[in-house]
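Fair warning: this is a prediction, and the values are worked out from it, not measured in the lab. All heavy atoms count here, side chains included; hydrogens, waters and symmetry mates do not.
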Amino acid sequence: MGVQEVIGDVHPFKCGTCKAVRAHRLIKTYECPDIPEAPGEVWLVECQGCFEQRIIYPTERVSAKEDDIERCKECGNWKMKAARCRICRIAAGLEKIQVKMFNGHKDWTQDADL
């Protein structure tokens, strides 16, 4: 088992957690010829807004927004051109990191203790 090579390409997808079109960093591709639901390959991507990783079909990419991705001029994180960078918002104190909690009966979020 060797070191996994990260691809690093960035593509726009609608994020399942953020509910918005966000830049997603491509981590790895998987060929799946034996799965009839998968159209050839699937991608493991990471949302650059909430940093959740998920498997996605490349055909779900939002092609009209392909050129709207750029690097933040302050921190270098990938972001959509129209949005403010989440890393810079957290660093400026405009946004807090939230942690998802589950106690067996209900879900909730609270501010992370850093």
Q.
Check for me, please, whether Tyr57 and Leu44 land in the same ILVMFWY cluster - side-chain distances under 4.5 Å, paths through other members count.
A. yes
Q: Would you kindly confirm whether Tyr30 and Ile27 end up in one hydrophobic cluster when ILVMFWY residues are joined by side chain heavy atoms under 4.5 Å apart?
A: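 Linked within one cluster.
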Q: Using a 4.5 Å cut-off on heavy atoms from C-beta on, say whether the side chain of Val21 contacts that of Phe13.
A: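 No, every pair of side-chain atoms sits at 4.5 Å or beyond.
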Output the distance between atom [atom1] ([X]) and atom [atom2] ([Y]), rounded to the nearest 0.5 Å.
| X | Y | atom1 | atom2 | answer |
| --- | --- | --- | --- | --- |
| Lys79 | Cys72 | NZ | SG | 6.0 Å |
| Glu95 | Ile87 | CD | CD1 | 9.0 Å |
| Cys47 | His24 | SG | NE2 | 4.0 Å |
| Ile90 | Asn77 | CD1 | CG | 9.5 Å |

**Q.** Distance flag, aromatic centroids of His11 and Trp43, threshold under 6.0 Å
**A.**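 When the ring centroids of Trp43 and His11 are compared, they turn out to be within the sub-6.0 Å range.
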Q. Any sub-3.5 Å donor-acceptor pair from Gln48's side-chain atoms to Glu46's backbone N or O?
A. yes
Q) Quick check: does any side chain N or O of Arg71 sit under 3.5 Å from a backbone N or O of Gly76, one acting as donor and the other as acceptor? A)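 Pair found, side chain donor or acceptor close to backbone of Gly76.
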Between [X] and [Y], what is the shortest heavy-atom contact and its length?
| X | Y | value |
| --- | --- | --- |
| Arg54 | Cys15 | NH2-CA, 3.8 Å |
| Lys19 | Gly16 | NZ-O, 2.5 Å |
| Lys96 | Arg86 | O-NH2, 4.4 Å |
| Ile69 | Met80 | CG1-SD, 3.8 Å |

(Q) Taking CD in Glu74 as the centre, count heavy atoms belonging to other residues, nucleotides or ligands within less than 6.0 Å. Is the count above 12? (A) no
